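Side chains are part of it too, since the values below use all heavy atoms of this structure and drop only hydrogens, waters and symmetry mates. Fair warning: this is a prediction, and the values are worked out from it, not measured in the lab.
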Amino acid sequence: MSMTGSLRRKARKAPAAVKEGVSHATPASDQSPIDSMPAQLLPQVPQTTAPPSKPAMQRKQSSPMMPPFMVSAPGKVIVYGEHAVVHMKPAIAAAISLRSYLHVSFLSKSHRTVTIRFPDIELEHTWNIDELPWDAFNTPGKKKHYYDLVTALDPELMAAIQPHLDTVSPKLPESIRKIHHSSACSFLYLFLSLASRKVSPCVYTLRSTIPLRAGLGSSASISVCISAALLLQIRALSGPHQDQPPQESELQIERINRWAFVGEMCIHGNPSGIDNTVAAGGKAVLYQRQGQGKPSRIVPLHSFPELPLLLVNTRQSRSTAVEVAKVATLLTNHPALTETILDAIGQITESAYKLITAPDFDPKSHASLKYLGDLVTINHGLLVSLGVSHPKLERIRELIDHTGIGWTKLTGAGGGGCAITIIKPRPTSTSATANGNGVHAEHSSSSESDSELDSPVAASVISSGTKLKHAILDSLEVKLENEGFEKFETTLAGDGVGVLWPAVLHNGNEEEGGEEIDQEKFLRAEGTEGIERLVGVKSAGIRKNVEREVREGWKFWRPWETSED
């Protein structure tokens, strides 16, 4: 019996303590759990009271339980500048609509436990809240506040939590324990830094649609989720709401991002900060190292266009360190030539940055998108010349280039991992009709035949809504799967961290109520499709006209929007 199969069966039958906390826990407390809920979210909580006790059961009325809530954050891809960024050149990274989802449910206060359930990595562990090293984290000089900037982990605090990490997955192989311990360390360090002894007993359940260990920022996405959830619980965040000023949204994102970086340090030791910045703020950022002891240059790119994106995972394991070392060796052996290539990659990033930040930039202009697409193609060619591609990445590019549907490059360190394709828009067609203002009204033909599939010319001018595009994507998916690749139709440069409080999804019909998402229902969701069908953040994706259920309720901090928008 596989560990994964076993865990899934366990997930379907939650522990008694969990079930009690979610469904009918009855804490006897002087303070309602709702008192710890962020003030701006209080109106959404149903004000209920416990039913009168029956004569046969003389029990005190229960305080109302805080409803479960959810937090979600995206993964990321490097769009331009990988490897050159290691050598002080700029890079641009953007969010993708593959996301992590953290479900927080509350137990009765009598439990006095905190549990993490991360089924994607087969991790489940419970700590007694009262036995955690609160004294160490509350010592003068050690105690941190939600608004503090933490740039390094405290060795004494790391030592204080070590005994509590040693109890995690003690009988599993060392390779698995290492992953479990880094995840548990990230959670515990954040939990002890932001919460207190009076925290409500909780179960933190995490599911993700981001492929793990593929260079897509999955750990940063998780750190952002945990950071945001804890900050919400201690009432350190305001919003998100649609009338929130951009400056206030930026402040909330920065607060989440700072603590997510602390979580990333627990996992990676010395992270760049770019992954958690993208996961928290969404859209895209320009990142550039500034030298030893100097803060990195990180510029949010709120005007980066939200684009349909094809993401293909080679499923080929690779080592970032090996690929980085490969370029370093090339730089040593051929310094002038290699430096020229790295400079050219940096110029690609700067060129994209100048276009996107220009005052007259039109994100819907076909000319602008073609310019960005051409830069993708050039960037990939330069990375190939550095020797960091892989036969599987080149095979993916060959299959996609044959269809003519977009511009493709490897993303991340290379040597395996993933490739991304920005889908081409449909150019203004000569067959399109013009309206009175001289603007062409594009339309899709429903009579396109399957015989057109072999025509690169036809493929390059298809629009998002044509039957031909869908047929090409379906055909491409079969070819990719037959060769062992994994395809995702996603979106580039969408929303960052989002909140669903309470965990109720509405169906877009303006009616009261909706589908409540409890822990068991969340755990039973099968794979990426099941998770997105149940709790997924809505995104347009590639097939924009595909009918799909509108799931509303998620809210986001969007500093690029104003009330006028």
Side-chain angles (χ1 to χ4, degrees), residues 29 31 33 35-38 66 71 102 104 106-107 109-118 123-170 177-178 180-206 219-220 222-237 252 254-271 273 276 280:
S29 170
Q31 184 183 25
D35 291 340
S36 64
M37 180 179 293
M66 190 192 297
V71 179
L102 181 68
V104 183
F106 297 84
L107 308 177
K109 289 194 174 182
S110 61
H111 282 90
R112 300 307 301 154
T113 59
V114 58
T115 297
I116 55 174
R117 305 184 76 177
F118 298 174
L123 169 61
E124 181 172 344
H125 193 80
T126 298
W127 293 278
N128 186 309
I129 292 174
D130 298 321
E131 294 175 357
L132 293 174
W134 297 106
D135 290 339
F137 278 78
N138 290 327
T139 300
K142 304 289 185 184
K143 175 62 180 175
K144 299 298 180 183
H145 301 282
Y146 65 86
Y147 48 79
D148 286 334
L149 174 63
V150 179
T151 58
L153 301 177
D154 189 308
E156 293 181 17
L157 298 183
M158 290 293 288
I161 66 175
Q162 190 58 49
H164 303 275
L165 297 178
D166 291 340
T167 61
V168 176
S169 309
R177 286 193 74 204
K178 185 178 180 181
H180 287 192
H181 281 202
S182 63
S183 300
C185 177
S186 179
F187 173 82
L188 265 190
Y189 200 99
L190 290 175
F191 184 73
L192 288 163
S193 296
L194 293 172
S196 71
R197 279 189 175 92
K198 297 181 180 180
V199 67
S200 298
C202 292
V203 179
Y204 296 84
T205 305
L206 183 97
S219 67
I222 294 167
S223 293
V224 166
C225 286
I226 294 171
S227 169
L230 292 171
L231 288 167
L232 282 167
Q233 286 179 259
I234 65 171
R235 303 177 66 174
L237 297 175
Q252 310 312 309
E254 177 59 22
R255 193 164 288 168
I256 294 168
N257 189 32
R258 285 184 175 188
W259 284 103
F261 182 72
V262 175
E264 279 282 88
M265 285 193 289
C266 291
I267 297 173
H268 297 295
N270 186 30
N276 49 277

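Atom CG of L230 is separated from atom SG of C202 by 8.5 Å, given to the nearest 0.5 angstrom. Between L188 atom CG and L165 atom CG the span is 5.5 Å, to the nearest 0.5 Å. Here the straight-line distance linking atom CG of N276 with atom OG of S223 works out to 7.5 Å at 0.5 Å rounding. The OG atom of S227 lies 14.0 Å from the CZ atom of F191; values are rounded to the nearest 0.5 Å.
Considering only residues two or more places apart in sequence or on other chains, E254 meets the side chain to side chain donor-acceptor pair (under 3.5 Å) condition with R258. Looking at residues two or more places apart in sequence or on another chain, you find no side chain to side chain donor-acceptor pair (under 3.5 Å) involving T113. Annotation: side-chain contact (heavy atoms from CB on, under 4.5 Å) contacts of T167 (sequence neighbours excluded): H125, W127. Listed by chain and number, the residues in a side-chain contact (heavy atoms from CB on, under 4.5 Å) with Y189 are F137, L153, D154, L157, M158, I161, S193, V262, C266 (sequence neighbours excluded). With sequence neighbours left out, A159 forms a side-chain contact (heavy atoms from CB on, under 4.5 Å) with no residue at all. Evaluation of the side chain to side chain donor-acceptor pair (under 3.5 Å) rule for T139 yields no partner, not counting sequence neighbours. Partners of H180 according to the side chain to side chain donor-acceptor pair (under 3.5 Å) rule, which considers only residues two or more places apart in sequence or in another chain, are S169. For N270, the side-chain contact (heavy atoms from CB on, under 4.5 Å) criterion is met by no residue, not counting sequence neighbours.
A heavy-atom distance below 4.5 Å is not found between the side chains of I116 and L206.
For residues 181-191, the set of pairs meeting the salt bridge (charged side-chain N to carboxylate O under 4.0 Å, His left out) definition, not counting sequence neighbours, is empty. Sequence neighbours left out, the pairs with a member in residues 155-166 that pass salt bridge (charged side-chain N to carboxylate O under 4.0 Å, His left out) are K142-E156. For the salt bridge (charged side-chain N to carboxylate O under 4.0 Å, His left out) condition, no pair includes a residue of residues 259-268, sequence neighbours left out.
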Enumerate donor-acceptor pairs with a distance under 3.5 Å from any side-chain N or O in residues 143-152 to protein atoms, sequence neighbours excluded.
{"unit_1": "D148", "atom_1": "OD2", "unit_2": "H145", "atom_2": "N", "d": "2.6"}

